[in-house]
Amino acid sequence: MKGGLLLISSLILVFQATWGCLEVCTCQPYSRMVDCSYRGLLDVPSHLPSQTQILYLQGNQIRVINHTSFINVPDLRILDLSNNSISRVPLYAFHYLRSLQVLNLTNNYIHYLEGQVFTPLLALKELDLSFNNVSSLPDSLGNNTRNLTFLGLKHNHLQAVDRMVLETFTNLKVLLVKSNPWQCSCPVLGLKLWLENFLYKGGIIDEVICTSPETRKGKDLLKVPFEFYKSCPPFTTSFPMANIHQHGPEHRSNGRHGYHGDHMDGSHPECEPKPKPRPANLRHAIATVVITGVVCGIVCLMMLAAAVYGCAYAAIMAKYHKELKEVERIASAAEHGSAEEKEPLDGTLA
Ligand SMILES: *[C@@H]1O[C@H](CO)[C@@H](O)[C@H](O)[C@H]1NC(C)=O
Ligand SMILES: *[C@@H]1O[C@H](CO)[C@@H](O)[C@H](O)[C@H]1NC(C)=O
Ligand SMILES: *[C@@H]1O[C@H](CO)[C@@H](O)[C@H](O)[C@H]1NC(C)=O
Ligand SMILES: *[C@@H]1O[C@H](CO)[C@@H](O)[C@H](O)[C@H]1NC(C)=O
Ligand SMILES: *[C@@H]1O[C@H](CO)[C@@H](O)[C@H](O)[C@H]1NC(C)=O
Ligand SMILES: *[C@@H]1O[C@H](CO)[C@@H](O)[C@H](O)[C@H]1NC(C)=O
C-alpha cells in the first residue's frame with residue numbers, strides 16, 4: 001500500500017519535473033493547466049511550461065504585458081489575467097496565441113486598446129474586458145476573430161460604439177455592456193440599430209442605460225423611441241424598415257413629445273429636426289402591413305398551440321383513465337388475493 005503510494009507520488013514528481021512546473025505556481029500536467037493565481041506576482045512568469053494550455057494569472061499585480069510575455073506558450077487555450085493592474089495592452093501582446101479561446105482581462109485598468117491587438121487571436125471565443133476603463137473600441141476589434149461568441153464590456157467608460165465595429169462580430173451570441181456612461185444622442189444610434197437586429201437574431205445582452213443627455217438619463221436605450229433619432233445622419237441611409245415597428249405604439253404616442261425633447265437638448269446640431277425623409281402615408285402603409293402580418297402570425301401560432309395542447313390533453317386523459325381502470329381492476333383483484341399476488345401489484349403501482 002505504502003509502496004504503491006510512494007511509486008505514484010514519485011511518478012508524479014518525475015512527470016512534474018519533466019513538465020517543468022514553476023515553483024511559484026501549481027500545475028496539473030494532465031490537463032496542461034498552470035495555476036499562478038493570487039501569488040502576488042508583479043510580472044508574467046517566464047519559463048512557463050511550453051505545453052501549457054490553461055494559464056491562471058488572476059489576482060496578481062501584473063502591470064505590464066508585452067510581446068515576450070506569452071511567447072513560449074503557443075498552445076494556450078485559456079488565459080485568465082483578471083484582477084491585475086494592467087493599464088495598456090500593447091500591440092503584439094497576444095501575437096503568438098493562435099489557439100487562444102478564452103481571454104479574461106476583467107478588473108484591470110485598461111483604458112486604451114491598440115487597433116489590431118486581438119486580430120492574431122483567430123480562435124478566440126470569449127473576450128472579457130469588463131471592469132476596465134475602456135472608452136472606445138478599435139475599429140478592427142472583431143475583424144479576424146470570427147469565432148467570438150462572448151464579449152464582456154460592462155463597467156467601462158464607453159459612451160458610444162461605432163456600428164461598423166459591431167458589424168464585425170458575425171457570430172456574437174452574448175454582449176455585456178451595462179454600466180457604461182452611454183450617451184444616448186446621435187452617436188449611439190449605430191449601437192441601437194445593431195442591438196435591435198442582434199436581439200432579433202436571438203442575441204443576448206444585459207442592458208444599455210443612458211447616462212446623458214439629461215432628458216434620457218436612466219432610460220433603456222432600446223426603449224428610447226426611434227423618433228428621437230429621426231434626424232441623425234445614418235438614419236436616412238441604413239434604417240432597417242422592420243425595426244421601426246417593434247416599438248410601434250410607443251413610437252406613435254411619444255413621437256411629438258420626443259421631437260421637442262431633442263430640440264431642447266440643443267447640444268447636438270446633427271440632432272436638430274430636419275424635414276421628414278419619407279412621405280408619412282407610405283410609412284404608415286408599410287407599418288400597417290407589417291403589424292397586420294405580425295398579428296396574423298401570432299394568432300395562427302396561438303391557434304396551432306391550442307390545437308396541439310388539446311390533442312395532447314385528450315390523449316393523456318384517455319391514457320390516464322385506462323390506467324386508472326387497470327389499477328382499480330388489479331386492486332380489487334388483490335383485495336381478495338393472497339400474499340403472492342401482492343408482489344406484482346406493488347410493482348404496478350410503483
Ligand atoms: C483581487 O486581488 C486582490 C489581491 O491582489 C484581492 O485582495 C481581491 O480580493 C481580488 N478581487 C477579486 C474580485 O478577486
Ligand atoms: C517584457 O516584459 C518583461 C517582464 O515584464 C521584461 O522583463 C522584458 O524586458 C520586456 N520586454 C520588452 C521587449 O520590453
Ligand atoms: C472573467 O473573470 C471574472 C472574475 O475573475 C469572472 O467573473 C468572469 O466570468 C470571467 N469571464 C469569462 C468570460 O470567463
Ligand atoms: C472556429 O470554430 C469552428 C467550430 O467550432 C472551428 O472548426 C474552427 O477551427 C474555429 N476557427 C478557428 C480559427 O479556430
Ligand atoms: C479608471 O476608472 C475609475 C473610475 O471608474 C477611476 O477611478 C480610475 O482613476 C481610472 N483609472 C485609470 C488608470 O484611468
Ligand atoms: C480587417 O481585415 C482585413 C483583412 O483581414 C483588412 O483588409 C481590413 O483593413 C481590416 N479592417 C480593419 C478595420 O482593420
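Note that the structure is a prediction, hence the values are computed from the model and not measured. All ligand and atom numbering here is 1-based and tracks the order in the structure.
Close approach to Leu122 involves these atoms of ligand 4, each under 4.0 Å from a residue heavy atom: 12 (C), 13 (C). Distances below 4.0 Å separate heavy atoms of Glu126 from the following atoms of ligand 3: 13 (C). Of all atoms in ligand 3, numbered sequentially from 1 with element shown, those under 4.0 Å from a heavy atom of Asp128 are 1 (C), 8 (C), 10 (C), 11 (N), 12 (C), 13 (C). For ligand 3 and Phe150, the ligand atoms under 4.0 Å from any heavy atom of the residue are 13 (C).
Stacking of Arg98 on the aromatic ring of Phe70 is not recorded, the 6.0 Å distance cut-off and the 45° axial limit not both being met.
Under the side chain to side chain donor-acceptor pair (under 3.5 Å) criterion, Asn180 pairs with no residue at all, not counting sequence neighbours.
We find the CG-CG distance between Leu166 and Asp162 to be 7.5 Å, quoted to the nearest 0.5 Å. Rounding to the nearest 0.5 Å places CZ of Arg32 at 9.0 Å from OG1 of Thr52. To the nearest 0.5 Å, atom CG of residue Asp80 and atom SG of residue Cys36 are 11.5 Å apart.
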Taking a 3.5 Å cut-off between nitrogen or oxygen atoms, can you list every pair linking ligand 5 to the protein, with distances?
residue: ligand 5; atom: 2 (O); partner: Asn133; partner atom: OD1; Å: 3.0
residue: ligand 5; atom: 2 (O); partner: Asn133; partner atom: ND2; Å: 2.5
residue: ligand 5; atom: 2 (O); partner: His157; partner atom: NE2; Å: 3.4
residue: ligand 5; atom: 5 (O); partner: His157; partner atom: NE2; Å: 3.1
residue: ligand 5; atom: 11 (N); partner: Asn133; partner atom: ND2; Å: 2.6
residue: ligand 5; atom: 14 (O); partner: Asn133; partner atom: ND2; Å: 2.8

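Residue Asn147 has at least one nitrogen or oxygen atom sitting less than 3.5 Å from a nitrogen or oxygen atom of ligand 4, judged on distance alone. The shortest N or O to N or O distance between Asp80 and ligand 3 is not under 3.5 Å.
Note on ring orientation: taking the six-membered ring where Trp is involved, the planes of Trp194 and Phe198 are parallel (angle under 30°, cut-offs 30° and 60°).
The number of heavy atoms from other shown groups lying within 6.0 Å of CZ (Phe150) is above 12.
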message: Pair Asp206, Val177 - check side-chain contact (heavy atoms from CB on, under 4.5 Å), show working.
response: CA-CA 7 Å; Asp206 45 4; Val177 290; 3.7 Å; yes
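Between Leu55 and the choices Leu79, Leu81, Leu100, the side chain to side chain contact (heavy atoms under 4.5 Å, CB included) rule is met once, by Leu79.
At least one heavy atom of Thr106 sits closer than 4.0 Å to an atom of ligand 3.
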